[in-house]
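Letters A, B, ... are given to chains in the order of the sequence lines, protein chains preceding strands, and every chain is numbered from 1.
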2 protein chains.
Amino acid sequence: MLEAAARLFAQRGYAATSMRDIAQAASMLPGSLYYHFAAKEDLLAAVYEAGVRDIVAAAQAAAERQTDPWDRLEAACVAHLETVLRRSDTAQVLIRVLPEQVPAAAARLKQLRAEYEDLYRALVAALPLAADVDRRTFRLMLLGALNWTRFWYRESGADTPRVIARRMLRMLRARSDTARSMEKRHG
Amino acid sequence: MLEAAARLFAQRGYAATSMRDIAQAASMLPGSLYYHFAAKEDLLAAVYEAGVRDIVAAAQAAAERQTDPWDRLEAACVAHLETVLRRSDTAQVLIRVLPEQVPAAAARLKQLRAEYEDLYRALVAALPLAADVDRRTFRLMLLGALNWTRFWYRESGADTPRVIARRMLRMLRARSDTARSMEKRHG
DNA sequence: TTGAAAAACAAACGATCGTTTGCTTTATAG
DNA sequence: CTATAAAGCAAACGATCGTTTGTTTTTCAA
């Protein structure tokens with residue numbers, strides 16, 4: 001039921017998905033949904049919560065398997081992209097549906113989003129970046145590029161989410177890195 | 001009237017905006033809209049077209065004032081971001097509303113989007129990039145980062161669109177550049 | 001096996017949706 | 001000034017929306 005809602009919210013958006021659509025996808029009648037959720041907004045909030053859980057869990061688990069700050073970030077990004085593009089419909093809703101679109105639940109949704117943004121704030125904070133690199137811009141740029149893939153990624157394409165994430169991180173890593181690690185990588 | 005529609009589509013999305021909302025914002029009655037547009041989808045297509053025109057015109061004009069490939073791209077990105085974040089409601093619709101959300105008009109909308117993606121394809125093609133840099137990833141990453149700003153940019157913040165665009169481009173420029181221009185910049 | 005709680009059904013409520021129709025107002029060319 | 005076309009008004013159409021209500025089915029512990 002949550003899965004059906006997530007799939008439709010991710011595909012069509014929140015407003016364009018009716019409770020009847022969701023009910024049909026879940027093989028139920030519209031009214032039955034209201035035994036589990038008091039309103040459409042609550043259903044969205046539940047999907048959102050599951051989405052945050054999916055992404056944060058995947059990214060965090062991947063990061064924890066690494067020790068080097070750059071490796072940790074890369075692992076998190078790979079997991080993030082694989083989750084969003086392949087594994088989880090609920091995760092896609094995080095990208096597709098924005099809190100402001102549902103004013104009544106905006107506060108709760110923003111709080112949930114913050115949970116996963118904090119993860120990246122921490123990962124970026126640990127990077128040995130050159131002094132003139134703005135970490136906020138770095139983080140927002142990375143997340144923007146990653147999340148935007150949802151709009152052009154095709155399963156049929158040659159590139160896997162893993163390859164895409166790594167390629168993106170390599171582009172950002174270059175000059176942003178400290179001189180010391182630059183030296184090391186350049187031999 | 002187009003402006004009213006653009007503002008609402010950008011703020012709330014396509015499905016969440018009713019013809020009555022648009023009519024009220026344009027100080028008209030709902031039925032009157034249909035003298036100018038046969039359907040809601042046609043109204044969106046018109047807004048989309050104006051949005052593409054705004055972005056492409058601004059970016060192209062800015063790029064033409066420069067000769068160096070990197071300067072041309074930077075100028076285009078600055079103009080792009082200023083248009084999207086400040087000047088044009090219609091431009092925001094391009095980012096907010098995706099073709100797949102309106103199946104009946106998807107083909108036309110995709111065609112319009114392609115027009116502005118081609119501009120960036122050309123700008124990126126002209127860059128003196130290192131051989132191991134994938135230009136497609138470069139372009140998609142840049143556009144993703146730029147367009148994602150719509151979701152976190154605040155007018156009240158300290159950074160102007162111009163500053164944001166330049167900072168982002170500087171991060172991407174570093175290692176992606178050829179060795180020759182690296183040398184030049186590093187003295 | 002029975003009885004109560006959980007879950008789903010069946011049917012409808014008022015509200016709002018995109019759109020249409022017929023008439024009136026406004027603008028403009030001769 | 002007047003005729004004609006462009007633009008907008010007023011009112012409503014059927015469809016669909018989120019949601020509610022009362023009843024029936026299913027589940028499962030005692």
Do [X] and [Y] have a side chain donor and acceptor closer than 3.5 Å?
X	Y	result
D42(A)	H36(A)	no
Y116(A)	R121(A)	no
Q101(A)	R12(B)	no

In whole Å, I'd like the distance from the [atom1] atom of [X] to the [atom2] atom of [N].
X	N	atom1	atom2	answer
D21(A)	dG18(D)	CG	P	8 Å
R20(B)	dG18(C)	CZ	C1'	7 Å
D42(B)	dG18(C)	CG	C1'	13 Å
H36(A)	dA7(C)	NE2	P	6 Å
Q24(A)	dC9(C)	CD	P	12 Å
Y34(A)	dA10(C)	OH	P	18 Å
Y35(A)	dT24(D)	OH	C1'	14 Å
M19(A)	dA15(D)	CE	P	23 Å

Side chain of L29(B) - closest among dA8(C), dG18(D), dC9(D): dC9(D)
Taking only side-chain nitrogens and oxygens of S18(A), does any of them come within less than 4.0 Å of OP1 or OP2 of dC17(D)? yes
With a cut-off of less than 4.0 Å, is there a side-chain N or O of S32(B) near OP1 or OP2 of dA7(D)? no
Measure from NZ or CZ of K40(A) to the centre of the six-membered ring of Y34(A), then state whether that distance is under 6.0 Å and the direction lies within 45° of the axis. no
